[in-house]
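No experiment lies behind these values; they were computed from the predicted model shown. The figures that follow rest on heavy atoms only: side chains count, while hydrogens, waters and symmetry mates do not. Nothing fancy with the numbering, it's 1 onward along the sequence.
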Amino acid sequence: DGTLAHIARTPEDAVLAPLVRSVLRALVAQRGMRIAIVTGRSLRQIRPMVRSLQVDLAVNHGLQIVSDGRRWTHPALQAAVPHLKTIARDVADVLGPIPGVNIENKRWSIGVHFRNVAARRIPTLRRLVRRIVRLYRGELTVLRGKMVLEIRPAAPWTKGDAILRLLSGPRYTGAFPVFIGDDRTDEDGFAVLAQRGLTIRVGRSRRTAAHYAVRTVQDVHAFLELLRSGQRRTHRSSGRSVRGSGTEGGNRKTRREDQTP
């Protein structure tokens with residue numbers, strides 16, 4: 001949500017447009033191209049969205065990875081399940097009465113969405129979430145996202161770690177990674193790829209570790225379409241290609257949101 005699909009009022013309302021699905025399918029079919037979806041959604045939530053697409057998945061902010069038909073789960077997840085079952089009830093009891101709150105139980109984590117909560121109530125909501133999580137003495141933590149608080153196992157593991165694990169697999173040997181994201185949780189991915197890939201932040205951000213930024217989801221769609229058409233031309237050519245440096249003078253510094261590819 002916010003990168004491939006437009007952000008909706010609730011997570012359930014977000015959809016992957018048919019045109020985007022078509023472009024992704026075409027990219028996956030091209031020689032040497034691999035695609036992985038790195039998301040805060042659960043495996044159960046994301047699979048229907050990417051049905052029929054042969055893509056790898058890193059879900060729950062990378063705590064679970066499905067690649068080349070094999071599933072890997074971070075050891076902290078199983079240990080946290082009893083706590084998450086209890087805290088799900090606590091969160092529902094304490095936050096349920098707040099108008100507009102959307103509590104999303106993803107089994108391995110709990111999302112507290114407050115996009116539809118009145119601004120004056122948000123500080124109270126945040127305070128209540130932190131108070132509940134403190135009861136679990138370091139077993140759980142709160143991850144801040146775009147209009148959401150994610151309660152998850154307190155494992156030192158981020159989307160950046162998940163990306164590096166994917167890249168270490170045989171499917172990605174020799175790959176040049178391109179990572180696109182719109183949330184603060186994606187900054188960990190931008191950081192680990194600072195010296196070995198191309199990173200793009202979607203939307204307005206005062207500071208980002210991404211090399212470049214685009215303003216909207218439509219810009220991401222346009223970039224993917226250019227990538228698809230560029231791949232076709234490269235395969236049909238005699239092997240020559242033109243590559244931009246990506247940064248002025250070879251320096252990869254923190255980018256402002258108005259710097260676009």
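Contacts of R171 classified as side-chain hydrogen bond (donor to acceptor under 3.5 Å, both in side chains), with partners at least two apart in sequence or in another chain: D56. Judged as a salt bridge (Lys or Arg N to Asp or Glu O under 4.0 Å), and not counting sequence neighbours, E104 has no contacts. The side-chain contact (heavy atoms from CB on, under 4.5 Å) test applied to V192 returns L164, not counting sequence neighbours. D219 is linked by a side-chain hydrogen bond (donor to acceptor under 3.5 Å, both in side chains) to T216, counting only residues two or more places apart in sequence or in another chain. Residues meeting the side-chain contact (heavy atoms from CB on, under 4.5 Å) test with V117, sequence neighbours left out: I98, V101, F114, R121, I122, L125. In this view, R152 satisfies the salt bridge (Lys or Arg N to Asp or Glu O under 4.0 Å) rule with no residue, not counting sequence neighbours. Partners of K146 by side-chain hydrogen bond (donor to acceptor under 3.5 Å, both in side chains), not counting sequence neighbours, listed by chain and number: D182.
Formation of a donor-acceptor pair under 3.5 Å by the R70 side chain with backbone atoms of S67 is not found in this model. A side-chain donor-acceptor contact under 3.5 Å links N105 to the backbone of R107. H221 places a side-chain N or O within 3.5 Å of a backbone atom of L4 that can act as its donor or acceptor partner. H113 places no side-chain N or O within donor-acceptor distance of the main-chain N or O of R115, the cut-off being under 3.5 Å.
One hydrophobic cluster, built from ILVMFWY side chains closer than 4.5 Å, holds both V50 and L24. Residues V112 and I7 are members of separate hydrophobic clusters, defined by side-chain heavy-atom contacts under 4.5 angstrom among Ile, Leu, Val, Met, Phe, Trp and Tyr. Side-chain heavy atoms closer than 4.5 Å link hydrophobic residues (I, L, V, M, F, W, Y) into clusters, and following such links, even through other members, never connects V133 to W157. Both I103 and L140 sit in one connected hydrophobic cluster of ILVMFWY residues. Membership requires side-chain heavy atoms under 4.5 Å apart, directly or through other members. Transitive grouping of hydrophobic side chains (ILVMFWY, heavy atoms separated by less than 4.5 Å) brings M33 and V220 into a common cluster.
For the pair H211/L193, no side-chain contact is recorded, criterion being any heavy-atom separation below 4.5 Å from C-beta on. Counting heavy atoms from C-beta on, the side chains of L84 and I87 come closer than 4.5 Å. Side-chain atoms of L149 and R144, non-hydrogen and from C-beta on, do get closer than 4.5 Å to each other. No side-chain heavy atom of H74 sits less than 4.5 Å from a side-chain heavy atom of N60. You'll find the side chain of W108 reaches within 4.5 Å of the side chain of V81, heavy atoms only. Residues M49 and I37 fail the side-chain proximity criterion, which asks for heavy atoms closer than 4.5 Å. A heavy-atom distance below 4.5 Å is found between the side chains of L27 and I35. Contact of the L167 side chain with the P177 side chain is registered, since non-hydrogen atoms from C-beta on lie closer than 4.5 Å.
Evaluation of the side chain to side chain donor-acceptor pair (under 3.5 Å) test over residues 158-168, restricted to residues two or more places apart or in two chains, returns T158-D161, K159-T185, K159-D186. A side chain to side chain donor-acceptor pair (under 3.5 Å) check over residues 33-43, counting only residues at least two apart or in different chains, returns the pairs D1-R41, S42-Q45. Sorted by first and then second residue, the pairs that involve residues 88-99 and meet side chain to side chain donor-acceptor pair (under 3.5 Å), not counting sequence neighbours, are D90-Y136. Residue pairs meeting the side chain to side chain donor-acceptor pair (under 3.5 Å) criterion with at least one partner in residues 11-28, sequence neighbours excluded, are T10-E12, T10-D13, R25-S52. Annotation: ring-ring contact (aromatic ring centres under 6.0 Å, His included) contacts involving residues 184-210, sequence neighbours excluded, comprise F179-F190.
Here the closest non-hydrogen pair linking G2 and V202 is O-CG1, 3.5 Å. Heavy atoms only, all atoms of each residue included: P123 and A119 are closest at CD-O, 3.4 Å. Here the shortest heavy-atom pairing between A8 and A14 reads CB-N, 3.7 Å. Contact record, R228 with A26: CD-CB, 3.3 Å, taken as the closest heavy-atom pair. Nearest heavy atom pair, residue W72 against residue G62, reads CZ3-O, 3.8 Å.
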L166 and I65: side chain to side chain contact (heavy atoms under 4.5 Å, CB included), yes or no, with the steps?
-> CA-CA 8 Å; L166 280 166; I65 298 173; 3.7 Å; yes
Check the pair I200 / V214 against side chain to side chain contact (heavy atoms under 4.5 Å, CB included), numbers first and verdict last.
-> CA-CA 7 Å; I200 302 173; V214 296; 4.1 Å; yes
Step by step, would you call V129 with V91 a side chain to side chain contact (heavy atoms under 4.5 Å, CB included)?
-> CA-CA 7 Å; V129 169; V91 168; 5.8 Å; no
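To the nearest 0.5 Å, atoms CG (L57) and CZ (R47) are separated by 7.0 Å. Expressed to the nearest 0.5 Å, how far CD of Q64 lies from CD1 of I46 amounts to 13.0 Å. Of the inter-residue distances, the one linking Q54 atom CD with D68 atom CG reads 10.5 Å to the nearest 0.5 angstrom.
The pair R184-E187 does not count as a salt bridge, with every side-chain nitrogen at least 4.0 angstrom from each carboxylate oxygen.
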